[in-house]
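The next block holds one structure in the form of structure tokens; read it before the comments.
Residues: numbered from 1 along the sequence shown. Just so it is clear, the values below take in all heavy atoms, side chains as well, and ignore hydrogens, waters and symmetry mates.
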Amino acid sequence: MTAGASAPPLLASLQVADEPEAWAAAGFTVEDATVRLEAVTIELVGRSDDRRGIVGWTLTGVDLPGGSLDGLPTAIAPSAPQPGSQPTHANGATKLDHVVVLTPDLDRTIAACESAGLDLRRIRDTTSYGSPMRQAFFRLGPTILEVVSGDTGTGQPADDAPASWFGLAVDVADLDQVAVLLGDRLGTIKGAVQEGRRIATLRHKDLGMSVAVAAMDGHGDR
């Protein structure tokens, strides 16, 4: 078993193929090409023609000898990182709420996650986003892994296509303040699926980011 596999699974870091300037433009404090959101570090490894979006992650407390979780490049850290001081982000970001993964075969990806030691919390069938989809939810410390069934866009047959990262969502103090900061680079603020919460998507391409990012707050009463 991988070292640390007896501990609860935890997301330690994400590797994103973006330049630091793009995330700084979105209101994140970037230090040494990293963005810290509580216990999770987003490592900005730079863009290239064949590298964009989330390109890897580091987990602790999982049993994964092959270095891939249903096609997702995965590094294993021997222990959970020690939390450092939380920087103040201009956009009010406080934590990484969830990471979204697409899969053409939800049952296959669920099985891979459970085999690695992740605990399936629930499966949800929904049409909230316009078309029927199924979602499976796992806990990686304070961050939720949301696995969504759907076309991964790889061009491979569904049985062969690996899972792929889609995007992430961060918690912020106040979406109205994010709207003031980003202007038309923030999409419409609307009620989130989670009761009492609001959500808006960053127009990430306008900011020079290659990964879809949503922001959420707890002001659903507005």
Side-chain angles (χ1 to χ4, degrees), residues 2 4 9-62 64-91 93-103 109 112-113 116 118 140-147 152-154 161-172 182 185 201-215:
T2 304
L10 178 73
L11 174 61
S13 66
L14 285 171
Q15 292 78 50
V16 177
D18 277 341
E19 302 298 335
E21 294 79 9
W23 285 68
F28 293 96
T29 296
V30 182
E31 300 172 340
D32 297 325
T34 64
V35 174
R36 175 172 284 278
L37 295 168
E38 286 194 347
V40 179
T41 299
I42 298 175
E43 302 169 355
L44 304 174
V45 298
R47 184 88 63 87
S48 66
D49 290 341
D50 59 350
R51 186 172 70 170
R52 58 183 56 241
I54 301 171
V55 295
W57 61 1
T58 301
L59 306 178
T60 66
V62 298
L64 191 69
S68 172
L69 181 61
D70 199 32
L72 302 173
T74 303
I76 306 300
S79 60
Q82 294 297 316
S85 58
Q86 171 81 9
T88 299
H89 299 285
N91 60 17
T94 56
K95 66 183 285 287
L96 181 61
D97 186 87
H98 62 273
V99 177
V100 181
V101 164
L102 297 181
T103 177
T109 305
C113 289
L118 277 64
L140 290 172
T143 301
I144 295 167
L145 170 61
E146 177 183 336
V147 183
T152 62
T154 63
S164 60
W165 283 288
F166 175 75
L168 53 88
V170 299
D171 288 342
V172 299
L182 297 184
R185 296 175 297 179
T201 56
L202 278 64
R203 295 195 167 99
H204 61 282
K205 293 181 181 179
D206 294 343
L207 291 159
M209 306 166 76
S210 67
V211 61
V213 177

**Study point:** Residue list, side-chain hydrogen bond (donor to acceptor under 3.5 Å, both in side chains) with Asp18, at least two apart or on another chain
**Key:** Trp23, Arg47, Ser210
Check your understanding: Measuring from Trp165:CH2 to Leu145:CG, what's the distance to the nearest 0.5 Å?
Key -> 10.0 Å
**Study point:** Test item: Pro73 and Val55 side chains (from C-beta on) under 4.5 Å apart, heavy atoms
**Key:** no
Practice item. Report yes if some heavy atom in the side chain of Leu37 is under 4.5 Å from a heavy atom in the side chain of His89; otherwise report no. Key: yes
**Study point:** Neighbour count above 12 (heavy atom, 6.0 Å) for Lys205 NZ
**Key:** no
Exercise for review: Please say which of Leu10, Val40, Leu59, Thr60 ends up in a side-chain contact (heavy atoms from CB on, under 4.5 Å) with Leu140.
Suggested key: Leu59
Review point. Does Leu14 reach the side chain of Val211, with side-chain heavy atoms less than 4.5 Å apart?
Key: no
Check your understanding: Can you find a pair of side-chain heavy atoms, one from Pro20 and one from Phe28, that are under 4.5 Å apart?
Key -> no
Exercise for review: Considering non-hydrogen atoms only, spot the tightest contact between Gln15 and Glu43 and give its length.
Suggested key: NE2-OE1, 3.1 Å
Review point. Do Val30 and Leu44 come close enough that some side-chain heavy atom pair is under 4.5 Å?
Key: yes
**Study point:** Which residues share a side-chain hydrogen bond (donor to acceptor under 3.5 Å, both in side chains) with Thr88, sequence neighbours left out
**Key:** none
Practice item. Please confirm whether the backbone N or O of Gly66 pairs with a side-chain atom of Ser68, one donor and one acceptor, at under 3.5 Å? Key: no
Point to revise | side-chain hydrogen bond (donor to acceptor under 3.5 Å, both in side chains) partners of Glu19, counting only residues at least two apart | key: none
Review point. For Ser13, which of Thr41, Thr58, Thr34 qualifies under side chain to side chain donor-acceptor pair (under 3.5 Å)?
Key: Thr58
Check your understanding: Where do Thr109 and Ala163 come nearest, in terms of heavy atoms and distance?
Key -> OG1-CB, 4.2 Å
Revision key, fill the gap. For Ala25 and Leu182, the nearest pair of non-hydrogen atoms, with its separation, is O-CD2, 3.6 Å
Check your understanding: Roughly how far apart are Gln86 CD and Thr29 OG1, rounded to 0.5 Å?
Key -> 9.0 Å
Practice item. Please step through side chain to side chain contact (heavy atoms under 4.5 Å, CB included) for the pair Cys113 and Leu69, ending with a clear verdict. Key: CA-CA 7 Å; Cys113 289; Leu69 181 61; 4.1 Å; yes
Check your understanding: Quick one: does Arg185's side chain have a donor or acceptor within less than 3.5 Å of a partner on Ala26's backbone?
Key -> no
Exercise for review: Quick one: closest heavy-atom pair of Val170 and Leu96, and the distance?
Suggested key: CG1-CD1, 4.2 Å
Exercise for review: Search all heavy atoms of Leu202 against all heavy atoms of Met209 and return the closest pair with its distance.
Suggested key: CD2-SD, 4.4 Å
Practice item. Measure across Lys95 and Pro142 and return the closest heavy-atom pair with its distance rounded to 0.1 Å. Key: NZ-O, 3.1 Å
